[in-house]
Amino acid sequence: MLLLASALPAVGQVAVKTNLLYDATTTPNLGMEVGAGSRSTISLVYGLNPWTFHSDSGDRKIRHWVVMPEYRWWLCSKFDGHFFGVHAMGGQFNAANINIPFPGAFFGGENIAKGLRDYRYQGWYVGAGVTYGYQWVLSKHWNFEAEIGAGYNYVNYDKFNCSSCGRKVGEGDTNYVGLTKLGLSFIYLF
């Protein structure tokens, strides 16, 4: 974000945003997007979920951090209407005792989505994908955006017996292809 902020005087239009769907998963997030041309922008989003929720069935957690840079090409003009993008992502995770529907498929390794009810997984991931979205102008400074992205992630993990303790019972890597982005974001334009 500091790199993007240092380019502010040269690019003109700048936006700050938060993804409401990501917020709904108890993951605070912040994004910055800067104009890179008359019909292109560069976006960087960071999200962090540091929470562990205690319950009778054990600790529930989707602890993670993610950074997601993206290049966007707008059909008409930047920050208005349809756009297509190419994004990358990377981060770390520590998840257990949850049932998350992953709209995609794991291959070449363990299906982590099925194992999250009975095991804890922690590790890192890196990937890339393509995005389609639309942005509505609400006022001079406010926009609203909907976006969806699909792509690939390489996941490296350690597997543990229980959600908060337990010995390591395995390690490995797997591949994921499917939904990599989904967003409904409020945007403030400077």
Side-chain angles (χ1 to χ4, degrees), residues 1 16-33 43-70 85-133 144-187:
M1 295 231 178
V16 177
K17 57 186 164 183
T18 187
N19 182 340
L20 301 176
L21 295 179
Y22 211 22
D23 289 335
T25 68
T26 67
T27 304
N29 64 95
L30 182 63
M32 178 180 246
E33 190 168 355
S43 174
L44 183 64
V45 174
Y46 178 77
L48 173 68
N49 185 321
W51 322 115
T52 297
F53 300 97
H54 304 288
S55 70
D56 292 338
S57 61
D59 289 347
R60 295 175 174 271
K61 56 183 152 189
I62 318 171
R63 296 176 64 164
H64 68 279
W65 66 264
V66 61
V67 63
M68 190 175 292
E70 180 174 36
V86 177
H87 63 271
M89 69 206 80
Q92 293 178 303
F93 64 93
N94 185 353
N97 200 18
I98 55 173
N99 187 13
I100 300 178
F102 281 89
F106 288 92
F107 64 93
E110 191 167 335
N111 184 339
I112 293 175
K114 288 186 178 180
L116 281 172
R117 291 293 301 150
D118 301 318
Y119 298 97
R120 178 171 63 90
Y121 293 87
Q122 71 180 46
W124 58 272
Y125 58 95
V126 63
V130 295
T131 309
Y132 165 75
F144 187 76
E145 173 181 281
E147 66 178 328
I148 188 166
Y152 165 82
N153 272 307
Y154 169 80
V155 182
N156 183 279
Y157 62 86
D158 293 330
K159 181 177 176 180
F160 297 87
N161 261 338
C162 71
S163 61
S164 61
C165 60
R167 65 180 175 81
K168 184 174 162 180
V169 295
E171 62 184 42
D173 52 40
T174 190
N175 302 280
Y176 169 81
V177 172
L179 189 68
T180 53
K181 276 187 99 170
L182 188 62
L184 295 174
S185 300
F186 273 116
I187 299 162

Query raised in the report: Can you list the steps and then say if D158 with Y121 is a side-chain contact (heavy atoms from CB on, under 4.5 Å)?
Result: CA-CA 6 Å; D158 293 330; Y121 293 87; over 6 Å; no
Query raised in the report: Is R60 close enough and on-axis enough to F53, meaning under 6.0 Å and within 45°, for cation-pi?
Result: no
Query raised in the report: Do side-chain atoms of T180 reach the backbone of G129 as a donor and acceptor pair under 3.5 angstrom?
Result: no
Report task. Decide whether Q92 and W124 meet the rule of one side-chain donor and one side-chain acceptor closer than 3.5 Å. Result -> no
Report summary line: The reported gap from CZ in R167 to CZ in F160 (rounded to nearest 0.5 angstrom) is 11.0 Å
Requested in this report: Could you walk me through whether V66 and Y125 pass side-chain contact (heavy atoms from CB on, under 4.5 Å), step by step?
Outcome: CA-CA 9 Å; V66 61; Y125 58 95; 3.2 Å; yes
Report summary line: d(I62 CD1, T26 OG1) to nearest 0.5 Å is 6.5 Å
Query raised in the report: What is the ring orientation for F186 with F144, classed by angle as parallel under 30°, tilted 30 to 60°, or perpendicular over 60°?
Result: perpendicular
Query raised in the report: Donor-acceptor pair, N19 side chain versus L182 backbone, under 3.5 Å?
Result: yes
Query - CH2 (W65) with more than 12 external heavy atoms under 6.0 Å - result: yes
Query raised in the report: Where do R63 and P50 come nearest, in terms of heavy atoms and distance?
Result: NE-O, 3.5 Å
Requested in this report: Would you mind reporting whether F106 and K114 have side-chain heavy atoms less than 4.5 Å apart?
Outcome: no
Report task. Could you walk me through whether I148 and T131 pass side-chain contact (heavy atoms from CB on, under 4.5 Å), step by step? Result -> CA-CA 6 Å; I148 188 166; T131 309; over 6 Å; no
**Report entry** Salt-bridge present (K17, E33; N to O < 4.0 Å)
**Finding:** yes
Query - Donor-acceptor pair between N161 and Y119 side chains, under 3.5 angstrom - result: no
Query raised in the report: Do N49 and T25 have side-chain N/O donor and acceptor atoms under 3.5 Å apart?
Result: no
**Report entry** Contact summary for A95 and I98, nearest pair of heavy atoms
**Finding:** CB-CD1, 4.2 Å
Query raised in the report: Taking the inter-plane angle between the rings of Y152 and F107 on a 0 to 90° scale, is it parallel (under 30°), tilted (30 to 60°) or perpendicular (over 60°)?
Result: tilted
Query raised in the report: Please walk me through it: do L44 and M68 pass side-chain contact (heavy atoms from CB on, under 4.5 Å)?
Result: CA-CA 6 Å; L44 183 64; M68 190 175 292; over 6 Å; no
Requested in this report: Decide yes or no for T18 and L30: does some side-chain heavy atom of the first lie under 4.5 Å from some side-chain heavy atom of the second?
Outcome: no
**Report entry** Side-chain heavy-atom pair V155, D173 within 4.5 angstrom cut-off
**Finding:** no
**Report entry** Minimum-distance pair of heavy atoms, taken over all atoms of I112 and Y157
**Finding:** CD1-CD2, 3.7 Å
Report summary line: The reported gap from NZ in K159 to CG in D118 (rounded to nearest 0.5 angstrom) is 9.0 Å
Query - Rounded distance [0.5 Å steps], CG in L21 versus CG in L184 - result: 4.0 Å
Requested in this report: Answer yes if the side chains of N175 and N153 hold a donor-acceptor pair under 3.5 Å, and no otherwise.
Outcome: no
Requested in this report: Hey, could you give me the OG1/CG distance between T27 and L48, rounded to the nearest 0.5 Å?
Outcome: 8.0 Å
Query - Side chain to side chain, M89 and V126, heavy atoms closer than 4.5 Å - result: no
Requested in this report: Evaluate the side-chain proximity of P28 to Y46: yes if any heavy-atom separation is below 4.5 Å, no if none is.
Outcome: no
**Report entry** Shortest non-hydrogen contact between K61 and N94, atoms and distance
**Finding:** CG-O, 3.7 Å
Report task. Tell me, with the steps shown, if E147 and K181 meet salt bridge (Lys or Arg N to Asp or Glu O under 4.0 Å). Result -> CA-CA 7 Å; E147 66 178 328; K181 276 187 99 170; 3.0 Å; yes
Requested in this report: Nearest 0.5 Å please: distance from the OG atom of S185 over to the CG atom of D23.
Outcome: 8.5 Å
